[in-house]
Amino acid sequence: MKSSASPRMTQDQKVRLMFVCLGNICRSPLAEAAFRAEVRKAGLSDAFEIASSGTGEWHVGKQADQRMRETAHRYGMSLDDHRAQQFNAGHFADFDHIFVMDKNNLHDVLFLDRKEQHANKVRLFREFDPEPDDYQVPDPYFGGRQGFEIVFSIVQRTATELLDRLIKEYDLKPAAEE
Ligand code: 4NP
């Protein structure tokens with residue numbers, strides 16, 4: 001994986017990840033929670049800073065979508081503490097990797113990179129999906145419950161694979177579950 005951060009991190013440096021979708025109430029909060037859960041299982045919480053945001057401003061300050069929260073809850077994951085925030089150009093400096101859910105997000109995030117300095121840290125999240133289909137996490141917002149289930153399974157398996165890849169890239173040492 002190309003990275004602007006050095007793969008050799010000193011002990012107190014964290015790998016900083018930002019997950020981005022449109023509203024920051026469905027897909028990226030789930031990606032944040034799923035990745036956080038994987039990190040905790042691997043005993044690596046201290047090695048990561050994990051956040052999420054949306055390219056749109058409509059839902060800033062709101063909780064995650066009720067349907068996404070219910071789906072996550074069924075699989076033992078809580079999104080209750082999440083509050084939506086909007087992605088801004090300052091986040092390019094604050095994060096080492098920015099994983100976007102679809103190609104519109106990719107376009108909107110790169111549009112904010114006015115000097116074209118940060119494109120190397122912006123990737124489609126599903127590049128890490130073992131079954132990537134069209135490399136996008138489908139937007140479930142205007143669909144039915146089934147869409148949230150599909151998003152959950154895509155995000156869960158991709159988060160697992162992403163952590164494996166980052167463990168290798170940064171030479172991290174997984175420990176017992178925290
Ligand atoms: P998300 O889903 O980008 O996965 O959080 C959406 C949330 C809200 C809207 C669209 C998608 N919206 O149009 O308000």
Side-chain angles (χ1 to χ4, degrees), residues 15-40 48-114 118-119 121-163 165-166:
V15 185
R16 304 165 302 166
L17 310 187
M18 166 72 89
F19 298 96
V20 181
C21 61
L22 175 60
N24 193 216
I25 57 171
C26 300
R27 294 165 293 174
S28 62
L30 182 70
E32 178 186 347
F35 188 79
R36 203 183 289 286
E38 289 299 305
V39 161
R40 201 177 300 124
F48 288 96
E49 183 182 324
I50 307 160
S52 67
S53 62
T55 56
E57 67 179 338
W58 315 284
H59 302 284
V60 168
K62 303 257 178 67
Q63 285 198 290
D65 184 284
Q66 177 74 14
R67 298 161 296 177
M68 195 76 264
R69 283 161 59 200
E70 283 171 10
T71 304
H73 192 254
R74 266 202 300 287
Y75 293 97
M77 212 177 278
S78 173
L79 303 182
D80 291 352
D81 292 338
H82 176 75
R83 296 295 179 276
Q85 63 167 334
Q86 188 174 20
F87 183 84
N88 66 66
H91 289 135
F92 287 121
D94 294 341
F95 291 90
D96 304 307
H97 299 280
I98 295 164
F99 297 110
V100 299
M101 298 296 123
D102 65 31
K103 291 174 187 173
N104 286 328
N105 309 148
L106 185 63
H107 174 271
D108 292 344
V109 165
L110 291 177
F111 182 74
L112 293 174
D113 180 20
R114 293 300 171 119
H118 305 290
K121 61 172 76 170
V122 186
R123 319 275 299 261
L124 285 164
F125 178 58
R126 284 191 82 183
E127 282 187 36
F128 303 90
D129 186 348
E131 306 158 53
D133 191 27
D134 71 348
Y135 291 89
Q136 306 186 86
V137 182
D139 183 346
Y141 188 70
F142 293 109
R145 298 255 160 194
Q146 180 66 15
F148 288 84
E149 288 289 330
I150 291 168
V151 165
F152 187 91
S153 61
I154 291 171
V155 165
Q156 179 59 72
R157 69 172 185 253
T158 306
T160 305
E161 184 65 25
L162 175 60
L163 179 59
R165 297 276 290 270
L166 291 171

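We count ligands from 1, going down the list as the structure has it; atoms in each ligand are counted the same way. Predicted, not measured: the structure shown is a model, and the values here were computed from it.
When every heavy atom of F87 is checked against every heavy atom of H91, the shortest pair comes out as CE1-CB, 3.4 Å.
Side chain to side chain, R126 and Q136 fail the donor-acceptor criterion of an N or O pair below 3.5 Å.
Within 4.0 Å of ligand 1, the residues that place a heavy atom are C21, L22, G23, N24, I25, C26, R27, H59, D139, Y141, F142, listed by chain and number.
Applying the side chain to side chain donor-acceptor pair (under 3.5 Å) rule to R83 yields no partners; only residues at least two apart in sequence or on another chain are considered.
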Below 3.5 Å, can you tabulate the donor-acceptor pairs from side chains in residues 48-59 to any protein atom, sequence neighbours excluded?
unit_1: S52; atom_1: OG; unit_2: N24; atom_2: ND2; d: 2.9
unit_1: S52; atom_1: OG; unit_2: E32; atom_2: OE1; d: 2.7

All N/O donor-acceptor pairs, side-chain side in residues 142-155, below 3.5 Å, sequence neighbours left out:
unit_1: R145; atom_1: NH1; unit_2: E70; atom_2: OE1; d: 2.6
unit_1: E149; atom_1: OE1; unit_2: Y75; atom_2: OH; d: 2.6
unit_1: E149; atom_1: OE2; unit_2: R74; atom_2: NE; d: 3.4
unit_1: E149; atom_1: OE2; unit_2: R74; atom_2: NH2; d: 2.5
unit_1: S153; atom_1: OG; unit_2: I150; atom_2: O; d: 3.1

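Considering CG of D129 and OH of Y135, their distance stands at 9.0 Å, rounded to 0.5 Å.
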